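This is the structure I want to talk about, given as structure tokens.
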Amino acid sequence: MIQIERLRIYYKTLHGDAKALDDVTFTINDKEILGIAGESGCGKSTLGNSLILLKPPMKYVSGEVKINGEKLPIDNNTEMRRYRYKKISLIPQYAMDALNPTRKIGGIIRDLVGQHKIKYEEIEKRLHERLNMVKLSKDVLNMYPFELSGGMKQRLVLVISTLLNPDLLIADEVTSALDVSSQKAVSLMFKEFRDREIVNSIIFITHDIAVLYQIADRIVIMYAGKVAEIGPTEEIIANPLHPYTKALIKSLPNAGIRHTKEKLEGIPGHPPNLINPPAGCRFRDRCPFADENCLEEPPLKEINKGRLVACWKVKDL
Ligand SMILES: Nc1ncnc2c1ncn2[C@@H]1O[C@H](COP(=O)(O)OP(=O)(O)OP(=O)(O)O)[C@@H](O)[C@H]1O
């Protein structure tokens with residue numbers, strides 16, 4: 001189990017700190033795929049990246065992350081070396097485009113495991129099995145990245161990032177650049193890696209709730225650096241409680257989630273500036289239900305078992 005408690009991660013800027021993650025608390029259970037969704041800029045990538053490497057101007061401010069009860073030294077990039085790739089592995093946004101174009105895929109993997117002091121020969125058998133699992137021939141090891149399609153590259157990235165069977169895999173927008181049929185195939189392979197216990201848990205970051213509907217057990221909805229709502233996938237989609245989640249679900253195309261005659265609606269307005277966010281609920285300027293109570297920040301409260309919502313109005317909606 002991974003516990004994230006009151007985590008604050010900011011970006012240092014010339015105009016002050018951008019509060020990209022501001023008091024974020026949730027857990028990732030064993031054998032779980034946890035989806036993280038929300039509009040662009042809400043802090044999803046910051047969350048994933050902060051569990052691996054704090055690259056300036058990103059900085060740790062406060063809070064804790066525990067993996068199976070052990071505190072992760074996320075504020076110390078050197079100490080985090082022990083965990084990176086072996087215990088926690090990240091597939092960053094655009095990873096498939098970042099594969100070295102001048103090196104054959106076998107060579108890329110040899111370099112990567114070498115950096116972690118593991119001999120290629122030690123993992124070779126496992127590598128072949130895993131390639132087979134994601135329906136790639138081992139001939140790809142003799143190919144250059146540009147010879148593979150987007151879907152093939154993304155499946156390869158899944159294999160590479162999980163070669164050492166990490167406890168936690170963080171996947172950041174891994175399906176966004178793919179067409180709809182490859183999206184489904186790739187996301188189901190992530191599920192298979194969890195089902196076969198190659199990884200213990202997965203954080204699946206995406207702006208696309210339709211993808212989460214296919215694979216996530218629970219969903220965390222983020223808004224402007226904070227958690228708006230947490231719940232089981234079916235419940236979040238069928239019965240969103242936070243006004244922001246309601247708007248997000250309403251703005252979805254029908255993509256296999258539900259059929260409605262309602263017109264597709266975007267969410268009016270923009271998220272607040274995170275350097276100087278308004279006091280109180282950060283969604284209040286865009287919220288049709290906001291009143292003077294919302295000038296005070298709503299705590300994330302358990303409404304029903306496993307269902308947490310940060311909204312003063314939730315009981316009245
Ligand atoms: N290097 C940076 N310097 C300053 N602010 C940053 C930096 N990187 C990100 N931010 C700010 O942190 C906030 C969260 O960004 P983040 O990339 O985590 O969001 P996201 O939800 O992953 O968005 P996207 O889906 O577009 O990747 C944004 O408001 C962004 O402007």
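Fair warning: this is a prediction, and the values are worked out from it, not measured in the lab. Both ligands and their constituent atoms are indexed starting at 1 by order of listing.
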Nearest neighbour in protein (non-hydrogen) for atom 4 (C) of ligand 1: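 Of every protein heavy atom, Y11 CB, 3.4 Å lies nearest to atom 4 (C) of ligand 1.
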4.5 Å side-chain heavy-atom contact, N239 and E234: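 Side-chain contact under 4.5 Å: no.
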Residue and atom name of the nearest protein heavy atom (relative to atom 26 (O) of ligand 1), distance in Å to one decimal: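 Answer for atom 26 (O) of ligand 1: S40 OG, 2.5 Å.
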Option from I105, L156, D139 for which side chain to side chain contact (heavy atoms under 4.5 Å, CB included) with L131 holds: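 Option passing the side chain to side chain contact (heavy atoms under 4.5 Å, CB included) with L131: L156.
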Taking atom 25 (O) of ligand 1 as the reference point, the nearest protein heavy atom with its distance: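 Protein heavy atom at minimum distance: K44 NZ, 3.1 Å.
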Verdict with supporting geometry, E297 and K226, salt bridge (Lys or Arg N to Asp or Glu O under 4.0 Å): CA-CA 11 Å; E297 187 175 335; K226 294 196 173 275; 2.9 Å; yes
Nearest neighbour in protein (non-hydrogen) for atom 17 (O) of ligand 1: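 Among all protein heavy atoms, the one nearest atom 17 (O) of ligand 1 is S45 CB, 3.8 Å.
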Contacting atoms of ligand 1, where contact means under 4.0 angstrom from a heavy atom of A20: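 Those qualifying, in numeric order: 12 (O), 13 (C), 14 (C).
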Heavy-atom nearest neighbour in the protein, as seen from atom 1 (N) of ligand 1, with distance rounded to 0.1 Å: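 Heavy-atom neighbour on the protein nearest atom 1 (N) of ligand 1: P57 CG, 3.5 Å.
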Nearest-neighbour protein heavy atom for atom 28 (C) of ligand 1, which is reported as residue plus atom name and distance: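 Checked against all protein heavy atoms, atom 28 (C) of ligand 1 sits closest to G41 O, 3.4 Å.
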Sub-4.0 Å heavy-atom contact, G38 with ligand 1: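 Judged by the 4.0 Å heavy-atom criterion, G38 does not count as contacting ligand 1.
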Those atoms of ligand 1 less than 4.0 Å from some heavy atom in T13: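 By the 4.0 Å cutoff, the relevant atoms are 4 (C).
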Per-atom contacts of ligand 1 with E39, taking only distances under 4.0 Å to non-hydrogen atoms: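 In order of numbering, the contacting atoms are 21 (O).
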ring-ring contact (aromatic ring centres under 6.0 Å, His included) contacts in which one or both residues fall within residues 148-201, not counting sequence neighbours: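 Output for this query lists F190-F204.
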Heavy atom of protein closer than 4.0 angstrom to atom 30 (C) of ligand 1: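 It does not: no protein heavy atom is found less than 4.0 Å away from atom 30 (C) of ligand 1.
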Pairs satisfying ring-ring contact (aromatic ring centres under 6.0 Å, His included), at least one member in residues 85-138, at least two apart: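 Counting only pairs at least two positions apart or across chains, the ring-ring contact (aromatic ring centres under 6.0 Å, His included) contacts touching residues 85-138 are Y85-H116.
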Aromatic plane relationship, Y144 with F146 - under 30° parallel, 30 to 60° tilted, over 60° perpendicular: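 Ring orientation, 0 to 90° scale: parallel.
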Numbering as shown, the atoms of ligand 1 that approach L274 to under 4.0 Å (heavy-atom distance):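 Those of ligand 1 that fall under 4.0 Å from L274 are 13 (C), 29 (O).
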Ion pair check, R307 and E229, cut-off under 4.0 Å: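 Here R307 pairs with E229 in a salt bridge, since their nearest N and O are under 4.0 Å apart.
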Salt bridge K66-E64, side-chain N to carboxylate O under 4.0 Å: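 Counted as a salt bridge, because a side-chain N and a carboxylate O are separated by less than 4.0 Å.
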Which segment of Q93 sits under 4.0 Å of ligand 1 when only heavy atoms are counted: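 The side chain, only.
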Heavy-atom pair of closest approach, residues I36 and L47: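 Nearest heavy atoms, I36 then L47: CD1-CD2, 3.5 Å.
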For ligand 1, the portion of P271 having any non-hydrogen atom under 4.0 Å away: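 Neither; nothing of P271 gets under 4.0 Å from ligand 1.
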Shortest protein heavy-atom distance from atom 16 (P) of ligand 1, along with the residue and atom involved: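 Of the protein heavy atoms, T46 OG1, 3.5 Å lies nearest.
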Min side-chain heavy-atom separation D22-L7 under 4.5 Å: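 The answer is no, as the side chains (C-beta and beyond) never meet within the 4.5 Å cut-off.
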